Amino acid sequence: MAGSDPLPHPGLAIVVMGVSGCGKSTVAAMLAEALGCSFIEADDYHSQANKAKMSEGIPLSDADRAPWLESLQDAIRERLDGGEDVAVSCSALQLRYRDVLRAADRGYSYRPGEYAACRVKFVCLRASAEVIAERMLRRSAEGKHFMPASLLRSQLDLLQVDAAEGVTEFDATTVRPGDIVRDTVALFREDLASTVHA
Ligand SMILES: Nc1ncnc2c1ncn2[C@@H]1O[C@H](COP(=O)(O)OP(=O)(O)O)[C@@H](O)[C@H]1O
Ligand SMILES: O=C(O)[C@H](O)[C@@H](O)[C@H](O)[C@H](O)COP(=O)(O)O
């Protein structure tokens, strides 16, 4: 809501991150709906070659990920430049990948320990490998996704979040998606363009 405040409030990007199958897309889509903002599904930004590789059970290399992350950076920047909030579903498993997304915020120049100033925020979904594998197998069996459960191990091996980043983590086994959305909105209420005038 624009409200009557003459000063535009800058937008905020909330990236729901975690390994394949943890529930990112489910949560980020619900978050976008709750905020009335757009939703970016990172899977939609993969090249056909990347998707084919993952379908064959081959993990992506950093060279494969680079153009994908840059196109996501562009998409997030477009929303932030327009003063819009955006909910993003993206694995963003490593700090160096998240930093490419953080660079979508033109006003942000990273200095160690100053992640809080960035308008690209992350929440991380965690669940046990068993729970995730079961979700991935079900999703693949339904023909709903290209990602095979065999890639879960490499995803879990890559996932790393530094304490200094201040990323809030949710247990996506016991906490329901709706509750994760509610708590995420509460976490960023002061910074969201969608809620600041509400
Ligand atoms: N909290 C949950 N409880 C049970 N199943 C879930 C939950 N969250 C997601 N799922 C299901 O698990 C599968 C993977 O979820 P998805 O959102 O596609 O994960 P990701 O985007 O992280 O790969 C989907 O079939 C989805 O319906
Ligand atoms: O960086 C990667 O290795 C991939 O991008 C991967 O992390 C991502 O998770 C896939 O796009 C699968 O898609 P889902 O995460 O939606 O299952």
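Here the structure is a predicted model, which is why all the values come from computation and not from measurement.
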Legend entry - R176 atom CZ, neighbour heavy-atom count above 12 within 6.0 Å: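 Count not over threshold, so no.
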Inset, instruction - Return the orientation label for the H46 and W68 ring planes: parallel under 30°, perpendicular over 60°, tilted otherwise. - result: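 Taking W68 first and then H46, their aromatic rings lie parallel (interplane angle under 30°).
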Who passes salt bridge (charged side-chain N to carboxylate O under 4.0 Å, His left out) against [X], sequence neighbours left out?
X: D44; answer: none
X: D171; answer: none
X: E142; answer: K144
X: E134; answer: R138

Legend entry - Derivation of the side-chain hydrogen bond (donor to acceptor under 3.5 Å, both in side chains) call for S91 and R65: CA-CA 11 Å; S91 49; R65 290 186 181 101; over 6 Å; no
Legend entry - Under 3.5 Å side-chain donor-acceptor pair for D157 and S154: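 Their side chains do not contain a donor-acceptor pair, so the 3.5 Å distance test is not met.
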Inset, instruction - Give a yes or no on whether a salt bridge exists between D179 and R182, defined as a side-chain N under 4.0 angstrom from a carboxylate O. - result: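 Salt bridge: yes.
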Legend entry - Partner set under side-chain contact (heavy atoms from CB on, under 4.5 Å) for A29, not counting sequence neighbours: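 With neighbours one apart ignored, the set is F39.
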Legend entry - Residues that Q160 engages under side-chain contact (heavy atoms from CB on, under 4.5 Å), provided they are two or more places apart: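 Counting only residues at least two positions away or on another chain, Q160 forms a side-chain contact (heavy atoms from CB on, under 4.5 Å) with Q94, D162.
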Legend entry - Main-chain N/O of R106 paired to R77 side chain as donor or acceptor, under 3.5 Å: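 Pair absent, no side-chain N/O of R77 close to backbone of R106.
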